[in-house]
Every structure is written in C-alpha cells, then in structure tokens.
Amino acid sequence: MKRSVLTRYRVMAYVTAVMLLVLCTCMIFKYGFHMGKDLTLVVSQIHGVLYIIYLVFAFDLGSKAKWPVGKLLWVLISGTIPTAAFFVERKVVREVEPLVADGSPVTVKA
C-alpha cells in the first residue's frame, strides 16, 4: 500500500474532526444564544462535503488494508461523532503503518 493512501486519510480525518467541532460550536450559538444562523448553515454544508471526501478516503484505505466490514463501518462513522475521529485516526495509523510500503521502487519482471 502506498503512503499517500494513509496520508490522505489522516488529513481528511483531522479536517473532518475539526470541522465537526466547529459545527458543534455553531449549533450551540444557534440554538443556545439564537445567533449565527447563517454561519451554521455554511459550516454544516462545508462539513457535509468534507465528510463525503473523508468517507471516500477512509473506504479506500479500508479496502486496501482488507479490514472487516465492522471495522470499516466504525472508521466511517467516527467522522460523525465529535472528537472520535482524532482517537480512531491514531489507532488506524498504528495498525496500518506496517502495511505501508517503505517507498523503495519496485521492479516489475516482464
């Protein structure tokens, strides 16, 4: 497996987790203090698009790492639980790191 697959996942895991925290903060201001309705709409749409990208990258990593369906679902759902993606990302990196190619060129025999 290429390192770029893991890197893409890691970046999107952090970005999605941070945007989810921003969205939660916006929701608190929207419903708790009755302000920031327009900002909440924009942040929720941005988070939605980023979460879809996260799903694609996490599914790509899971299929290349040959994860069982249950583990793949847990990784996919972790982008919807505030702060869960931070912890799941660290665990995934520890498990997938040995599978990542060392970056040396591979020769193909004809």
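We count residues from 1, following the sequence as given.
- The line from CE of Met19 to OG of Ser44 is 9.0 Å long, rounded to the nearest 0.5 Å.
- Here ring-ring contact (aromatic ring centres under 6.0 Å, His included) pairs that include residues 16-45, with residues two or more places apart or in two chains, are Phe29-Phe33.
- We find the CG-CD1 distance between Leu23 and Ile28 to be 10.0 Å, quoted to the nearest 0.5 Å.
- In terms of the side-chain hydrogen bond (donor to acceptor under 3.5 Å, both in side chains) criterion, Lys91 has no residue partners (sequence neighbours excluded).
- Every side chain to side chain contact (heavy atoms under 4.5 Å, CB included) that Thr80 has, sequence neighbours left out, goes to Tyr51, Ile77.
- The NZ atom of Lys64 sits 11.5 Å away from the CG atom of Leu6 when rounded to the nearest 0.5 Å.
- When the side-chain hydrogen bond (donor to acceptor under 3.5 Å, both in side chains) test is applied to Tyr54, the partners found at least two apart in sequence or on another chain are Ser78.
- Under the 4.5 Å side-chain heavy-atom criterion for grouping Ile, Leu, Val, Met, Phe, Trp and Tyr, Leu73 is not connected to Ile52 through any hydrophobic cluster.
- For Phe86, the ring pair (Phe, Tyr, Trp, His ring centres under 6.0 Å) criterion is met by Tyr14, not counting sequence neighbours.
- By the 4.5 Å heavy-atom criterion applied to side chains, Asp60 and Arg8 are counted as neighbours.
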When you look at Val75 and Phe59, which way does the side-chain contact (heavy atoms from CB on, under 4.5 Å) test go after all the steps?
-> CA-CA 9 Å; Val75 171; Phe59 185 80; over 6 Å; no
Which donor-acceptor pairs under 3.5 Å do the side chains of residues 35-43 make with protein atoms, sequence neighbours left out?
unit_1 : atom_1 : unit_2 : atom_2 : d
Thr40  : OG1    : Cys26  : O      : 3.3
Thr40  : OG1    : Gly36  : O      : 2.8

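- Atom CE of residue Met12 and atom CG of residue Leu61 lie 13.5 Å apart, to the nearest 0.5 angstrom.
- The closest side-chain heavy-atom distance from Glu97 to Arg3 is below 4.5 Å.
- Scanning both residues, Pro82 and Leu21, for their nearest heavy atoms gives CB-CD2, 4.1 Å.
- Closest heavy-atom contact between Gly79 and Leu20: O-CD2, 3.5 Å.
- Under a hydrophobic-cluster definition in which Ile, Leu, Val, Met, Phe, Trp and Tyr are linked whenever side-chain heavy atoms come within less than 4.5 Å, directly or via other members, Phe87 and Phe57 are assigned to different clusters.
- Of all the heavy atoms in Ala85 and Ala13, the pair that sits closest is CB-O, 3.9 Å.
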Start with the C-alpha distance between Val96 and Trp67, add both sets of side-chain angles, then the distance that settles side-chain contact (heavy atoms from CB on, under 4.5 Å), and finish with yes or no.
-> CA-CA 10 Å; Val96 173; Trp67 288 340; 3.7 Å; yes
